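Each remark here refers to the structure printed beneath this line.
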Amino acid sequence: MIFTSFEFALFLPVAFLVYWMIPASGKWRNVFLLLASYFFYGSWDWRFLGLIVFSTLIDYKVGVSMLDSSRSRQKKLLFLSVFSNLSILFYFKYSNFFIESFVDSFSFLGMSFSINRLSIILPVGISFYTFQTLSYTIDVYRKQIKPKKELLEFAAFVTFFPQLVAGPIERATNLLPQFSTKKVFRYYENGVRGIKQILWGLFKKAVIADNCAEIVNEIFTNYNDESGYVLMFGAILFSFQIYGDFSGYSDIAIGTARLFGFDLMQNFNFPYFSRDIADFWRRWHISLSTWFRDYLYIPLGGSKGGMKSKIRNTFIIFLISGFWHGANWTFVFWGGLNALLFLPLLVFGKNRKNLGDKVTDRLIPSFREVSSMVFTFCLITICWVFFRSESLSQAFYILKTIFKDLFSKEAMVKLVNQLHWEYGYIIPCLLVIFLIIEWVGKSGTYALETIFMSSNKVVRRLFYSFIVLLISFYMATIESPFIYFDF
Amino acid sequence: MRKFILSILKFILILGLTYPIIVWVWGLVVPAKFNKNIDTEKGSYSFSDRRFNELRNFGDVDLLILGSSHAFIEIDPRFFENVGIKSFNLGSSAQTPIQTEILLKRYFKKLKPNFVVMDVFPRMFTMDGIESSMDLVRNDSVGFDYLCHAVASRNIKFLNTTLFHYLNNGFDSKYNNKYKVDNEYVSGGFVEEKLKRIKSFKLSENQWEFIESQFEALDRIIGFLKSKSVTVLLVESPYTKTLYASYTNHDDFIERLNSKVEYINYNGQLPLEDTLHFNDQDHLNSDGVRIYNRLLVSDVVRKMKHN
């Protein structure tokens, strides 16, 4: 049951009405949320429920057992939690990758043998909820949060359906206490803001991401026959596809949670308006970046120590982040490439240069700001080519062709022809509208949050109607699955 | 909470009521190439516009032909006319049983056939039929039946297109020039293609993945025709041997059809060669149509006499 499906459009209002009809006192709202979340998750494949129940029970028990334990026992319990969660993740996500890499490395040495791939289905969202439950046990171990004694609240936290399958990867310190508070529905805070964020998420996913996906899939499938400019066009569209897809999903998740009275963390902060790679990584998939920062980068020593350890830690984080995204060398390379692009900023101490967000206040940016944003977007797009490609050789071929054809008039004409006869101008026009709305609304946590807020109600409602109409008139009719469900 | 629900309902109600008008105006104002989910233009590779125009002034028939392009490209009413059978070919592009059912209910009273030949190409049982539905609403006069079908389809492009043509009934729609092809429309619903031949080709093994709702629609069609005492003959018109052999679960299809009503599979029954008698992988060329129609006509005549 994905967020853009007809089934979810039925599920959400029913769940919303039932939830708020249940009296706030007592535990029944959490019982309902837990059941709704299991139903939501089980709609993919009921067998996945066993895994999530197992993860829930292990981490609950570990948390409670840590309460009155000695430090050394707490350490052992933490190890148990980390080991069991990561074992599940590795088995389901990385077994075949290691088998294939093992066979490939031996065949590279001239020895060939075959081992059959394991027949494993990747449970939806496993990387997300594994990291979320891990953060709980680590925080309990660090005494940043008290262990949850109520199994119901803990289970509802692990399985909370809006963010279960693709994040934001919530911290127990933020989300878990919200299951213990009495909730009162607030018209604007919960209702209007929630619906607005869902609406903008739908636009990003159904109009931007899915429309781009149709062309991107075609270009990346036939990459051998395409000119450099067409490949460049495909790479740029993929940048918008992945942003629309993932941030759209996050917006729907955050908006949905808001309807139920929960506040989730911001996951994207207009990343394509970043002015350098470091700035980009502070704005892209914030819940994962901060997870790695808090649970890996800082324990490794973080920015303390000499330049060598800073560089080592940065590379470790980016490579693991790449590997987290998928069991393929393309993702590892993508992580490494981002680390390489980050390196000059780190070495010259400029990685925090754009920390204060100076562009947000102005409607018209300076030439310097525009050029740094465009330059950063180009670097990020180059990295995305590795993310999207099936293999490293495909990614290198695409980039080589793009750079080779950079000054080829013929290649440019081919793109113009394909735009005119095949792809059409609808997507470029939609991207322009999308960027304008995002730019104007960039002072909020999502674009629609602040736009027309100073105008009267009629203007605001006309604008929201316009967005609804754009979705209806331009959404892709071929639905693409959310990219991050594969992770 | 109450205020929020009322606001949402008010918003949905106002937008819902004005939506058809907005679709119509948007369709008229925005140029076709900037309209993604509203197809405002008429025309079709299957000449549906010509077929429906002719149908308006067509009287009763003895035989009604239904189905996809296999019907309107491969079953020629002129062959039936030669033996004194008046027929009309109501085939249309990628017509699946779901669209066949709508067309049949729409035009049965007008044509009053006592014999129906329905082409059953397995691919039509694997598709949702949206492509065909779009072809119909763009070229036929849109009524309440199409609107219900559009709502039930849950396809926004089909819904918008249906709303547009429903409101645009009586106004002229632009004809899309991309549908100007070399083929020729022949009175009675047939489309005669220019003689072409194909080179030999290979296909890898495949399986048909059938959609249950298409078989359910077929059941309803048969039930409807039986209730009107009309004889139904399901035919699987010939397509290339290579394509036929590439699908390994064809027997399942035969089994499912045999249990319903009389069904004839013409594949393998005629002296047809892939490189001589076909326009493409699945359509006969005019030489192939001649060979096929001679046998089909004799079979139909025999069954009509038998009834």
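Keep in mind it's a predicted model, so treat the numbers as computed, not measured. Proteins come first, then strands; the chains are lettered A, B, ... in the order of their sequence lines, and each starts at number 1.
- Interface residue A:Val468: only side-chain heavy atoms are found under 4.5 Å from chain B.
- Neither the backbone nor the side chain of B:Ile14 comes within contact range of chain A; no heavy atoms are under 4.5 Å apart.
- Heavy-atom distances place no part of A:Leu430 under 4.5 Å from chain B, backbone and side chain included.
- At most 12 non-hydrogen atoms from other residues, nucleotides or ligands lie less than 6.0 angstrom from CZ of A:Phe39.
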Between chain B and chain A, are any donor-acceptor pairs under 3.5 Å, and how far apart is each one to 0.1 Å?
{"from": "B:Ser7", "atom 1": "OG", "to": "A:Tyr187", "atom 2": "OH", "distance (Å)": "3.3"}
{"from": "B:Tyr19", "atom 1": "OH", "to": "A:Ser472", "atom 2": "OG", "distance (Å)": "2.2"}
{"from": "B:Trp26", "atom 1": "NE1", "to": "A:Tyr474", "atom 2": "OH", "distance (Å)": "3.4"}
{"from": "B:Phe34", "atom 1": "O", "to": "A:Tyr474", "atom 2": "OH", "distance (Å)": "2.7"}
{"from": "B:Lys36", "atom 1": "NZ", "to": "A:Asn211", "atom 2": "OD1", "distance (Å)": "3.3"}
{"from": "B:Asn37", "atom 1": "N", "to": "A:Phe473", "atom 2": "O", "distance (Å)": "3.1"}
{"from": "B:Asn37", "atom 1": "ND2", "to": "A:Ser472", "atom 2": "O", "distance (Å)": "3.1"}
{"from": "B:Asn37", "atom 1": "ND2", "to": "A:Phe473", "atom 2": "O", "distance (Å)": "3.4"}
{"from": "B:Asn37", "atom 1": "ND2", "to": "A:Met475", "atom 2": "O", "distance (Å)": "2.9"}
{"from": "B:Asn160", "atom 1": "ND2", "to": "A:Ser472", "atom 2": "O", "distance (Å)": "3.3"}

- Task: List the steps, then state whether side chain to side chain contact (heavy atoms under 4.5 Å, CB included) holds for A:Phe473 with B:Val23.
- Result: CA-CA 8 Å; A:Phe473 295 162; B:Val23 169; 3.7 Å; yes
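- B:Ile5 CD1 to A:Leu17 CG: the interatomic distance, rounded to the nearest 0.5 Å, is 5.0 Å.
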